[in-house]
Amino acid sequence: MKELIERQHDGLIRPSRLTHWLPLLAFTAGTALLSGPALAATFTVNSTADIVDVAPGNGICATASGVCTLRAAIQETNALAGADIIILPAQYYTLTIPSTNEDNAIDGDLDINDELTITGAGAATTTIDGGALDRVFDLDPNDSSTPMAISGVTITNGDVSGDGGGVYVNMSGCPIVTLTNVVITVNLASSGGGVSNDGCGSLTITNSTISGNEAIRGGGIDSTDTLTLTNVTVSGNSTTDGDGGGIRTNSFGNITTITNSTISGNNASSDGGGIFAGDGTMTVTSSTISGNIASNGGGVSFVPISPASGNLQIVNSTISGNGAAFLGGGIFNGNYGSATPLLLTYSTVTNNNVGATGLGGGVYGDVITLLSNTAFGNTIVANNPTGGNCAGAGTRTSNGNNLDSVNTCGFAAAGDLPNTNPLLGALANNGGPTLTHALLAGSLAIDAGNNTGCPATDQRGIARPLDGNLVPGAICDIGAYEAPALLSPNINVTPLPVAFVATPLGSFATREVLVENTGVANLILGAIVPPAAPFSRTGGTCVNGQTLVPGASCTISVRFTPTALGAAAGSFDVPSNDPDPGTANNQNNVLVVLTGTG
């Protein structure tokens, strides 16, 4: 159909055998509407039936009965070169044609072989049900690096003995896949119950949920290629005989980035209840890993095999309430081959558990090789009830400003706080996209971090650093949560110093001093003692014990009455409840210096 108005490079418009269809196609649902330089075909599905297209490639999405089904639309887009769009209205679409393992969307799963965008009306109202006959989508383009996008749908009830029960990003085609505002739930596979990202392309998932899926390995997601998750919830997935209840990544050179996401309630029969990170690079930022269960590494298991191939960094994140039967309730570092340490920075590891004979409720570093090094910086590892906060003979390195509620992690670098209770609140919604543990009032983790390398925001997206205690200066807190700035008053006295003009003997001069509250809490003035002669206080609106609400001010009138020729000096204090200690302006006992010449 695209050849209808396709311009060749020589500027000529080639005649088409389909030109006589153009007037009809402009008004018919399920036909290719051509627009823009790419001449993309757009098909709108108008039937929930699962029926094949009568003539794939003719530019008309139509079954034998004349309706446009999802399968027929995909067959058309596969047959048409270039980018195409399928609009999927709010309905429940069930696949019903048993699979014969072909790859052209004729039966079984929906094979996508060309550049395509599928746009549903929203995951709550638009569902594609695999009918437990096969996986739901097989994304396997004919050309490498082909973009493919699916949004606004729920993908469910796929069941395949191979990879990707819901979505299979096929290694043979190296597609560039984007999934946005989707729910992938209750699918079954050998690997990647929800999604399998297998091979040489990339997969980006945004604002989506991967839940309730099951596989032998990689219950929610199994990835051997570039994977990016942003604002994604991976929950309630499981493996039956393998690693990675929520997410499994394992391939030399693959890159995984997880941001503002929640990995919770997943279960692995082996390692990595929430995440299993093998070979490759993984960065977890501003995310919560909670309530996951495994044999080892209830929250996270880091087990790279190939030399120099594994790299895991966890930044500004919370690992809480996970459980392992044996080793590493929160984190299991079983590094076999990579010399790069598992790096934890500005994170909170708390309330994780191991079984009765287990070790490392918070973090376990194995001693399989000397490479299982775990490095900590500005991180809380505290109140993990069983197995110790840290355990295992693997090397632990402190980069400073860490907190251990007992002393099992061996933190002894500058700023470290062993044997210190961080006073954490419960895992809760404290703002932001993920759950966090708040630092309660009086926590020694407040303003105890290091501003060097401190992220611009905490896990919730709140600006760092904030001045969360009564000590002047804003310093980043230890852990994933930045405590709020104290609501405090701030006294501002002007002018300073107060200089009087030359004044003849027998006369006087008067100046007025302004006292303001520029803070965010009530300022309470103390007793203002008048200055000594030749200076005196003669009035003004400020009184002892006065309360100035934020933004309010008062005045102090001061007189200079010289009694001798020459320079004179004096002073008086303006005390207040400003928390900043000292006598300079903006501090709690402002010294007002007076000068004059008689």
- prompt: Can you list the residues that meet the side-chain hydrogen bond (donor to acceptor under 3.5 Å, both in side chains) rule with N187, with sequence neighbours excluded?
  reply: N213
query: Which residue pairs pass the ring-ring contact (aromatic ring centres under 6.0 Å, His included) test when at least one of the two sits in residues 446-483, sequence neighbours left out?
result: none
- prompt: So, S223 and N197: side-chain donor and acceptor under 3.5 Å apart, yes or no?
  reply: yes
query: Residues two or more places apart in sequence or in another chain: which of them pass salt bridge (Lys or Arg N to Asp or Glu O under 4.0 Å) with D458?
result: R460
For D222, salt bridge (Lys or Arg N to Asp or Glu O under 4.0 Å) partners two or more places apart: R248
Sequence neighbours excluded - ring-ring contact (aromatic ring centres under 6.0 Å, His included) pairs with any residue from residues 428-464: none
message: Holding to side-chain hydrogen bond (donor to acceptor under 3.5 Å, both in side chains), I want the full list of residues that pass it with S211, two or more places apart in sequence or in another chain.
response: T185
message: For the aromatic rings, using the six-membered ring if either is Trp, is the centroid distance between Y168 and F137 under 6.0 Å?
response: no
Counterpart residues, side-chain hydrogen bond (donor to acceptor under 3.5 Å, both in side chains), relative to N469 (two or more places apart): none
field: Residues which pass side chain to side chain contact (heavy atoms under 4.5 Å, CB included) with T256, listed by chain and number, not counting sequence neighbours
entry: L227, T249, N254, I258, M282
- prompt: Hey, does F276 have a side-chain heavy atom less than 4.5 Å from the side chain of T239?
  reply: no
field: Donor-acceptor side-chain pairing of N353 and T386 below 3.5 angstrom
entry: yes
statement: Closest non-hydrogen atoms of L344 and I319, given as atom of the first, atom of the second and distance, are CD2-CD1, 4.4 Å
Could you list the donor-acceptor pairs under 3.5 angstrom formed by side chains in residues 415-426, with sequence neighbours left out?
| from | atom 1 | to | atom 2 | distance (Å) |
| --- | --- | --- | --- | --- |
| D416 | OD1 | S398 | OG | 3.2 |
| D416 | OD1 | N401 | N | 3.0 |
| D416 | OD1 | N402 | N | 2.8 |
| D416 | OD1 | N402 | ND2 | 3.4 |
| D416 | OD2 | S398 | OG | 2.7 |
| D416 | OD2 | A412 | N | 3.0 |
| D416 | OD2 | A413 | N | 2.6 |
| T420 | OG1 | L417 | O | 3.4 |
| T420 | OG1 | P418 | O | 2.9 |
| N421 | OD1 | L423 | N | 2.9 |

- request: Walk me through it: do N389 and S405 pass the test side-chain contact (heavy atoms from CB on, under 4.5 Å)?
  value: CA-CA 8 Å; N389 289 326; S405 58; 3.0 Å; yes
- prompt: How about Q459 and T434: does a side-chain donor come under 3.5 Å of a side-chain acceptor?
  reply: yes
query: Taking atom types as modelled, is there a side-chain donor on T350 or N384 under 3.5 Å from an acceptor on the other?
result: no
task: Using only heavy-atom distances, determine whether the side chains of D163 and S191 contain a donor-acceptor pair under 3.5 Å.
output: yes
message: Less than 3.5 Å apart, any donor N or O on the side chain of D129 or T156 sitting next to an acceptor on the other?
response: no
Other residues, nucleotides, ligands: >12 heavy atoms within 6.0 Å of F326 CZ: no
- prompt: Any luck finding a side-chain donor-acceptor pair between N181 and S151 under 3.5 Å?
  reply: no
- prompt: Do the side chains of T226 and T204 get nearer than 4.5 Å, heavy atoms only?
  reply: no
query: Is the closest side-chain donor-acceptor distance between T345 and N378 under 3.5 Å?
result: no
Side-chain donor-acceptor distances from residues 293-303 under 3.5 Å, at least two apart:
| from | atom 1 | to | atom 2 | distance (Å) |
| --- | --- | --- | --- | --- |
| S295 | OG | S269 | O | 2.9 |
| N296 | OD1 | L327 | N | 3.1 |
| N296 | ND2 | D271 | OD1 | 3.1 |

query: How would you list all residue pairs meeting salt bridge (Lys or Arg N to Asp or Glu O under 4.0 Å) that involve residues 479-494, not counting sequence neighbours?
result: R464-E482
- line: Across all chains, not counting sequence neighbours, the side-chain hydrogen bond (donor to acceptor under 3.5 Å, both in side chains) partners of N292 are N266, N322
message: Please report the interatomic distance CD1(I289) to OG1(T318), rounded to the nearest 0.5 Å.
response: 9.0 Å
message: For F332 and Y364, take the angle between the two ring planes, folded into 0 to 90°, and tell me which bin it lands in: parallel under 30, tilted 30 to 60, perpendicular over 60.
response: parallel
query: What are the two closest non-hydrogen atoms of L427 and S290, and how far apart are they?
result: CD2-CB, 3.9 Å
field: Residue pair L496 / V590: nearest heavy atoms and the distance that separates them
entry: CD1-CG1, 3.9 Å
field: Donor + acceptor pair across side chains of T206, N231 (<3.5 Å)
entry: no
